[in-house]
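Since the structure comes first, as structure tokens, the remarks are kept for the end.
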Amino acid sequence: MCAVAAILCMTSCGKKLEPLTADNFACNPSPLVEVGGKVEATITVTYPEKYFKKKAILTVTPVLVYASGETASEPVTFQGEKIYGNDNTISYKYGGNATFKASFDYKEEMANSKLYLDFKAETKSGKVYTLPRIAIADGVIATESLATGYGATPAYSSDNFVKDTFDKYIANLIYQKNSSNLRSSETKKAEMQEVEAMIKATKDEERREFEGIEMVSTASPEGAYTLNERLADKRESASTKYLQKMLKKAKMEGQITPEQVAENWEGFKELVEQSNLQDKALVLNVLARISDPEQREQEIRNLSAAYKELADDILPQLRYSKVTATVKNIGHTDDEILALVNSDSQALTLEELLYAANLVKENSKKVEILKIADKNFPQDLRAKNNIADICYKEGKYAEAASIWKELAKKNPSMPEVNLNLGLIALNEGDLDKAASYFGKAGTCAEYGEAMGTLLTNQGNYSAACDYFGKAKTNNAAVAQICANNLSAAKSTLEAIQNKDAMTHYLLAIVGARTNNSDTVITNLKKAVAMDSSLKEKAANDIEFAKFASIVNGL
């Protein structure tokens, strides 16, 4: 497919050779393909026997020619056997094969182009002959460039809104050693009185509701297991009766959920770790290496005798019923939140305002609410990021980029802003800058899609497909098409709910690659109906070279 020009016969009589035919050359790939922003080709020339004159010098330059101009690749030079130099030497008697590369930085104009070879032949004495250029391949398939930052999802800052929150109030009812008698000093101490007061207060609070009490009763682990089990059970019973009486007196209803832990080893270990016990490492080591319950109990008793602090300060803290009372804070309903946006936005938290923006459908209303959030909470950058996100989705790319650049100055490490600036860099063709931004955006939910788009543009289609995962987007389908996984690409495109012009254009490409003319014509018609500029694009797209009549009939 590659053709080289005629080689000038540089014998003493000065005769010239006739041009070789295209059959003497091969070009791979053909047609040419853009990969990672480059158009590269491997060109192989076969010189027949007794063809390349011994004193001939031939310089070959690959040139990609398109409507608005042309771009040359690095030239390669061949020489005859009697030329002394470092270029590729071709035998006159036997001829031979030679391979060389062509490489071009891709531009959109190259989609409709041809690859030519230009030739310059010269004698050893320096006489130069320019030979006609020859077309050797069509180009360029640039389907990977259809994966763009414009087609990717920008990172949206999520809210942390929780409609109902819960407060927990805790008190420990401590029991004496080997006792299940609940002392009045325990029920009247400040932490228990706070729990009781909190429960009573919910009767008069409109947006707070008493949920109930969870209680864990336990015994210190130095005694026999059966004794500890009975103690935990009796302590649970005594504490439950007290709590039931307290709720009845307060005229409150709430479930009490009891639990027993006969020997609180974990609590013992935690208290030892937090203590200033001189030899606590020894104590912890004993606990770690002894698994038999009876041996452990004996060791604890021994340790209690040896270390007064264990017996006086630590073990007593494990003889308790832990009371945890829960109160639900009832959040605003969706309707209440939207009403407050209009009537009293100051009464809403930042999270409620960010959440409110997602409750409305119209972008103009979303932006209005986000501007309120930004005004009320200017130190938080999420609202402004989301305003830019909406601008980007509406095609206001310059406005979105301006906002994100402003936010980057305030917080250079904000993941959403970095991912979004990476999309801007992708649109500008700066893949290195995009990669740098994406490297600081790994926590974003949209990261996989962004990286898939970048890797597609870098020509790493397999990795791109991995990053896209199960995403049903145009960009994901582009990666699958370029990886020649056409069935997956078709499934992805058909699963897109809101198909746009590019969705149908890509389906047409799948149809062209599978030689399905019905799929080509059906989807190209839909694509052009939605975006008339795609008619000209299709006419210049080598993906549809076999379907020129269909494209011309659109």
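Being a predicted model, the structure only gives us computed values, none of them experimental. This chain uses plain numbering: 1 for the first residue, then up along the sequence.
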We want to know whether [X] and [Y] form a side-chain donor-acceptor pair, criterion being a heavy-atom distance below 3.5 angstrom.
X    : Y    : value
K107 : Y66  : yes
R208 : T202 : no
E416 : S157 : yes
E543 : T143 : yes
N329 : D164 : no
E186 : Y320 : no
N475 : T473 : no

Are the charged groups of [X] and [Y] less than 4.0 angstrom apart, N to O?
X    : Y    : answer
R207 : E336 : yes
K241 : E236 : no
D167 : K328 : no
E368 : K365 : yes

(request) List the steps and the verdict of salt bridge (charged side-chain N to carboxylate O under 4.0 Å, His left out) for K200 and E196. (result) CA-CA 6 Å; K200 291 179 180 179; E196 185 175 351; 3.4 Å; yes
(request) Kindly write out the residues that satisfy side-chain hydrogen bond (donor to acceptor under 3.5 Å, both in side chains) with K168, not counting sequence neighbours, or none if the list is empty. (result)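 For K168 the side-chain hydrogen bond (donor to acceptor under 3.5 Å, both in side chains) partners, ignoring immediate neighbours, are T326.
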(message) Closer than 3.5 angstrom, by distance alone: can the side chain of N385 be matched with the main-chain N or O of A155 as a donor-acceptor pair?
(response)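 Pair found, side chain donor or acceptor close to backbone of A155.
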(request) Could you pull out the closest heavy-atom pair between M252 and F210, with the gap in Å? (result)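 Scanning both residues, the minimum pair turns out to be CE-CB, 3.9 Å.
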